Protein chains: 2
Amino acid sequence: MRQEGGAVQMEKKRNAFEMNISAIKTMIEQDGFVPGDRIPSERELAERLSISRPSVREALRTLAYLGIIETRHGGGSFLLNRDDHTYIQIIAQFLVTGDSKFEDLAGTLRLLEQAAFVQLADASILEVHVDSDAAFRETLIATIDNDLFERIWRQVNAFYQSFGQGELYTRAEREAFLKRS
Amino acid sequence: MRQEGGAVQMEKKRNAFEMNISAIKTMIEQDGFVPGDRIPSERELAERLSISRPSVREALRTLAYLGIIETRHGGGSFLLNRDDHTYIQIIAQFLVTGDSKFEDLAGTLRLLEQAAFVQLADASILEVHVDSDAAFRETLIATIDNDLFERIWRQVNAFYQSFGQGELYTRAEREAFLKRS
DNA sequence: AAGGGGTAATTGGTCTGACCAATGACCGCC
DNA sequence: GGCGGTCATTGGTCAGACCAATTACCCCTT
C-alpha cells in the first residue's frame with residue numbers, strides 16, 4: 001500500500017514522475033543547499049520521500065541530464081551552479097540533430113552575426129581582427145554582452161565548424177562589414 | 001570560458017545513461033518512426049539494446065520530460081512532434097529564481113527579430129499584424145525561411161513566454177519597426 | 001605526532017524479478 | 001453485425017541484490 005507523495009503538497013495533479021522531481025527540488029530548496037553542496041543520497045531521498053529508489057533515480061537522472069545536478073559514482077550527487085546549466089545545450093542538441101540543413105547553419109550564423117553588428121556602436125574594435133575570420137566573428141559576438149545569445153551562437157558555430165567548411169566570410173566580406181558601420 | 005561540452009556531436013565517450021538515450025534516439029530514427037507513431041515497448045527496447053528495463057526507463061523518462069516522447073499507461077510510448085515545448089516550462093522552473101537570465105532572454109529575442117527584419121525586403125506584410133505582438137513577430141520570423149533559425153527562435157520564445165511577461169514590444173515599437181523599412 | 005596505507009562503509013550504477021494498473025485487442029454471446 | 005467481457009500487452013512502481021567507485025576511518029609505521 002503506497003501512500004501518496006512524500007513530503008510536500010503538490011499544487012497540481014501531475015503524474016508521479018514530475019511530482020517526484022518537484023519534491024526533490026523543493027527539498028533541495030528547503031534544506032538550503034547551495035551550488036556545490038552534496039544533496040542526500042538516493043537511498044535517503046527514497047526514504048524521506050516515501051518512494052522507491054528506482055523512482056528517485058529516474059528523477060535524478062533527468063535532473064542530471066538537464067544540468068541541475070551532477071552525480072559522481074561513489075561520491076554522491078552535487079548541486080551545480082545555475083550558470084553551468086546546460087539547458088541551452090540540451091535544446092541545441094535536439095534542434096541541431098537530424099535534418100538541419102547545412103545551408104541553414106551558415107545562414108543562421110550570418111543572421112546572428114548581422115544582428116550583433118547592427119547593435120555594434122563602434123566597429124573600430126573589429127578592424128584589428130579583419131585578418132582572421134574566427135577572431136573577427138568571436139569579437140563581434142562578444143560585444144553583445146548577452147550570455148544566452150552568445151551560447152546559442154557558440155553552439156551553432158561549433159556545429160558549423162564540424163562540417164569543416166572553413167571561413168564563413170571572405171576577407172572582402174569582412175571589410176564590407178566594417179564599411180557599413 | 002567553458003567550451004568543454006561544446007560539441008553537439010554525439011560520438012563521444014559519455015556515460016552509459018546518455019549512451020542509452022542516444023541509442024534509443026538512433027533506433028527511433030533508423031526504424032523510421034514519425035511523430036505519432038508508437039515506439040517499441042520498454043521490454044522490447046531493453047532486449048534489443050541489451051540493457052535492463054530500469055535503464056530503458058531512465059532514458060525514456062528523460063525523453064518524456066523533454067517532450068520528445070509521450071507515454072500512456074498501458075498504451076505505450078509515442079513519438080511527439082518537436083513543436084511541443086512542454087519541457088521548456090519545466091526547465092524554466094529551475095531558473096525563475098535568477099533574474100539575470102530573463103534579461104538575456106528578452107534581449108536575445110530582440111536580436112533575433114532584428115536580424116530577421118534586416119533581411120526583410122518588404123515590410124508591408126507585417127502591417128496587418130501590427131495589432132498583435134505574437135502575430136507580428138511570428139510573421140516576421142516566417143519571412144526568413146531558415147528552418148534552423150526559426151526553431152531556435154521558437155525555442156527561445158517559448159522559454160520567454162513561460163515567464164508570462166506578456167508582449168515583447170509595445171505597439172509603438174512595432175510601428176517604429178515598420179517605419180524603418 | 002604526523003604521514004601513509006589499507007580496510008570498511010557509503011554511494012551511485014545496474015540488474016532481476018515481481019506485482020499492480022491502465023489500455024486495447026480479441027472472442028464469444030446476443 | 002454489434003456489444004460486452006476477458007485477457008494479453010504495456011507502462012508504473014517496488015524490493016532486493018550485487019558490482020564499482022569513492023570516501024572515511026583507523027591503525028601502523030616512522
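The structure displayed is predicted, hence computed values, not measured ones. Order of the sequence lines sets the chain letters (A, B, ...), proteins ahead of strands, with each chain counted from 1. All heavy atoms count here, side chains included; hydrogens, waters and symmetry mates do not.
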Apply salt bridge (charged side-chain N to carboxylate O under 4.0 Å, His left out) to A:R174 and A:D131, showing your working.
CA-CA 9 Å; A:R174 291 197 292 277; A:D131 289 333; over 6 Å; no
Given A:R53 and A:E58, is the salt bridge (charged side-chain N to carboxylate O under 4.0 Å, His left out) satisfied, shown in steps?
CA-CA 9 Å; A:R53 196 176 150 219; A:E58 288 181 3; over 6 Å; no
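Side chains of B:N20 and B:S55: no donor on one and acceptor on the other come within 3.5 Å. Between the side chains of A:S77 and A:T71, no donor N or O sits under 3.5 Å from an acceptor N or O.
Rounded to an integer number of Å, the gap from CD of A:E58 to P of D:dG12 is 8 Å. In this structure, A:L45 atom CG and C:dG12 atom C1' are separated by 12 Å, rounded to whole Å. Rounded to whole Å, atom C1' of D:dT9 lies 11 Å from atom CZ of B:R53. B:R72 places its CZ atom 12 Å from the P atom of D:dG12, with the value rounded to the nearest Å. The interatomic distance linking B:E42 (CD) with C:dT23 (P) rounds to 16 Å, in whole Å. When rounded to the nearest whole Å, the span between CD of A:E47 and P of D:dT13 equals 20 Å. The interatomic distance linking A:N20 (CG) with D:dT13 (P) rounds to 7 Å, in whole Å. Between A:E18 atom CD and D:dG11 atom C1' the separation is 16 Å, expressed in whole Å.
In this structure, A:R38 reaches the C:dT11 phosphate: one of its side-chain N or O atoms is under 4.0 Å from OP1 or OP2. At the phosphate of C:dT11, neither OP1 nor OP2 sits under 4.0 Å from any side-chain N or O atom of A:T71. The phosphate of C:dT11 (OP1 or OP2) has no side-chain N or O of A:R43 nearer than 4.0 angstrom.
Of all nucleotides listed (C:dT16, D:dA20, D:dC14), D:dA20 comes nearest to the side chain of A:H73.
Along DNA chain D, the nucleotide nearest to A:F17 and the one nearest to A:G74 differ in position, and the one closer to the 5' end is contacted by A:F17. Both B:P54 and B:G75 sit near DNA chain C, but only B:P54 has its closest nucleotide nearer the 5' end.
Base engagement by B:R57 is indicated by at least one non-hydrogen atom pair under 4.0 Å involving a base atom.
For an aromatic pair to be called close, the ring centres must be under 6.0 Å apart, and B:Y65 with A:Y65 fails this.
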